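First up is the structure itself, then whatever we jot down about it.
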Amino acid sequence: MVKILVIGSGAREHAIIKSLNESKKEKEIYCLASNNNPGISDICNELKIVDINNSEIIKDYSIKQSINIAIIGPENPLACGVADSLWEAGIGVIGPKKNLAQIETSKSFTRNLLREYKIPGCPKFKTFINMEGVEDFLSLLGEDYVVKYDGLAGGKGVKVAGDHLHSHEEALSYCKELIESGGHFVIERKLIGEEFSLMSFSDGENLVHMPAVQDHKRAYENDTGPNTGGMGTYSDSDHSLPFLEKSHIESAQKINEKTAKALKHKFGEGYKGILYGGFIATNTGVQLIEYNARFGDPEAMNVLSILDSDLIEICEAIISEDLNNTKIVFKNLATVCKYAVPEGYPDDPIKGHQIDVSEVKNKNILFYASVENKNDNLVQIGSRAIAVVGHGETIWEAEQIAEKNILKVKGPLFHRKDIGTTDLIQKKLNHMSSLK
Ligand code: GLY
């Protein structure tokens, strides 16, 4: 019998828990959560609401339940050292210790690591702890710059020239704002191309790569509107993306491998968990935009829903550093995931309204996120509410299924109709051709 704890309670964690539940192993699954997610509580032996960033609470609970493996879903518990506390208590963790999680929690750490270990894919950059030299570096980059707050900011710390910042004056004022609030930052060259996510299972020594996925961060159709946690994602049946060449995937995989090796060299212990590279294919090859130290959300729904291997066995192999001897297979299916989000999301989402999913026949394609059951009704509680995933031989087929079913999710919600459509994919292909 294996007892597994999942920390976090969004759609990503619902996807992880569904996948664990499909394991043939004898198991009990527990969840420490921020909300009473009904998709998760239906599967788990227990869902308990706690402060998921509090290492002591999580350690005590894990000891009490005799947990063998813990999987950390979101980034904040990693930043708070939850993995360190659990390892100290003898519990194997999928999710890096605080030092190694800097790959996500510190932009300057990541850029410096790439520079120090000569890992390809690193744009020109400079780190700042005050305003000295900022103007000169901006002048050097001209109109192609990005300012990144050097810490976790839920996706809101990155400001890109042309999108969020329209002049050097605006950039300087954002940098001053960061310094005044005690923050450091990185300025780097803006990269032009098509983005993709390439996640790898890592046992500290060996990596097994997952299919490439493309996320859509903007709230509205045609990639417009404010940035969000991710409105939807797609992947192709060959585990690549229509606008990528084989060499792009190979470059991204190599960067992940070199980064894991560099982390092990730097800290004397390996990175155990999910290494999620946010890449961009440009006219000069693949570059790294950022790293995350966990499964992507929504990307987890794409990859885990086509995982044909036992997720518990994979977790055990990560903990015992045995990924090289573990067969990990993903089905050759295309996937399209779309999120239904509350009206007003992300800036001013409405809350507390009822959602009706009764018309969706196949409930297995639903992934619950920011929702709870109240008086036997499903109610949205303010962030991305429900993700719907379609599968098919082609992205077109998968998109049709996702779109047909998300329209059956009733409530004051909206979603992006364009994600995974032939039109949007053609635009991305045209964009890549225009860069050549
Ligand atoms: N898909 C974006 C993220 O998980 O951070």
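A quick note: this is a predicted structure, and the numbers were derived from the prediction, not measured. Numbering of ligands and ligand atoms starts at 1, following listing order. Values below: every heavy atom of this structure, side chains too, minus hydrogens, waters and symmetry copies. In this chain, numbering begins with 1 at the start of the sequence shown.
- At least one side-chain heavy atom of D418 sits less than 4.5 Å from a side-chain heavy atom of T421.
- Of the charged side-chain nitrogens involved, at least one lies within less than 4.0 Å of a carboxylate oxygen, so that K246 and E250 count as a salt-bridged pair.
- Using a heavy-atom distance under 4.0 Å as the criterion, the protein contacts of ligand 1 are D215, K217, G229, Y276, N292, R294, G296, D297, P298, E299.
- Separating the CD1 atom in I16 from the CD1 atom in I94 is a distance of 10.0 Å, to the nearest 0.5 Å.
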Identify each donor-acceptor pair in which a side-chain atom of residues 329-336 lies under 3.5 Å from a protein atom, sequence neighbours left out, and give them as a table.
from: N332; atom 1: ND2; to: S237; atom 2: O; distance (Å): 2.8
from: T335; atom 1: OG1; to: S235; atom 2: OG; distance (Å): 2.5
from: T335; atom 1: OG1; to: N302; atom 2: ND2; distance (Å): 2.8

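- Relative to the ring axis of Y145, K190 does not place its NZ or CZ within 45° and under 6.0 Å from the centre.
- E188 has no carboxylate O lying under 4.0 Å from a charged side-chain N of K124, or vice versa, which leaves the two without a salt bridge.
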